[in-house]
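Residue indices begin at 1 and follow the sequence shown.
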Amino acid sequence: MERDLQPNHCACGCGGACRDKWLPGHDQRLRAAIENEVGGLVELRRIVEELLHRRIDLKQTTNNRGHHRQH
Ligand SMILES: [Zn+2]
């Protein structure tokens with residue numbers, strides 16, 4: 001049995017089936033939609049920082065895909 005093509009659903013919520021977390025370009029689409037909704041990336045950062053009660057550390061964003069980093 002080949003299980004390579006086991007479908008996931010795109011994380012943007014479009015309902016599309018894909019092998020990865022996103023259909024091609026849909027992560028950018030979601031990012032753009034969020035930025036548009038809140039008024040830009042700076043506003044988005046402010047909102048998230050407010051929610052988390054801490055500053056977003058730019059040094060930790062370089063390799064943030066998939067794996068959880070262990071301390
Ligand atoms: Zn999608």
Side-chain angles (χ1 to χ4, degrees):
M1 282 257 185
E2 288 194 20
R3 290 179 175 265
D4 269 7
L5 294 174
Q6 195 175 41
N8 284 319
H9 288 290
C10 178
C12 87
C14 68
C18 52
R19 288 177 58 188
D20 293 318
K21 190 174 183 180
W22 304 97
L23 283 170
H26 281 210
D27 53 340
Q28 301 299 331
R29 241 175 58 161
L30 178 60
R31 193 207 313 272
I34 292 171
E35 286 179 21
N36 188 51
E37 189 70 32
V38 300
L41 191 57
V42 175
E43 273 300 295
L44 177 60
R45 179 190 192 177
R46 190 186 62 73
I47 290 166
V48 172
E49 285 181 345
E50 209 171 276
L51 206 67
L52 298 176
H53 300 291
R54 60 179 168 82
R55 307 286 294 181
I56 291 171
D57 187 353
L58 296 183
K59 280 168 289 189
Q60 301 217 343
T61 57
T62 44
N63 189 13
N64 211 10
R65 284 165 172 255
H67 303 280
H68 289 280
R69 291 173 73 180
Q70 309 239 344
H71 285 278

Nearest 0.5 Å please: distance from the CG atom of L41 over to the CD1 atom of I34.
-> 10.5 Å
In a check of side-chain contact (heavy atoms from CB on, under 4.5 Å) between R54 and each of L52, L51, I56, D57, which one passes?
-> L52
Non-neighbouring partners of E43 that pass side chain to side chain donor-acceptor pair (under 3.5 Å), sequence neighbours left out = R46
Please examine the side chains of R45 and L58, heavy atoms only from C-beta on, and report whether any two atoms are closer than 4.5 Å.
-> yes
Can you list the residues that meet the side-chain contact (heavy atoms from CB on, under 4.5 Å) rule with I47, with sequence neighbours excluded?
-> V38
Heavy-atom pair with the smallest gap, counting every atom of H9 and G15 = ND1-O, 3.5 Å
Nearest 0.5 Å please: distance from the CD atom of E35 over to the CD atom of Q28.
-> 9.0 Å
So, for C12 and W22, which heavy atoms are closest and what is the spacing to 0.1 Å?
-> N-CZ3, 3.4 Å
Closest non-hydrogen contact found for C18 with L23 is CB-CD2, 3.5 Å
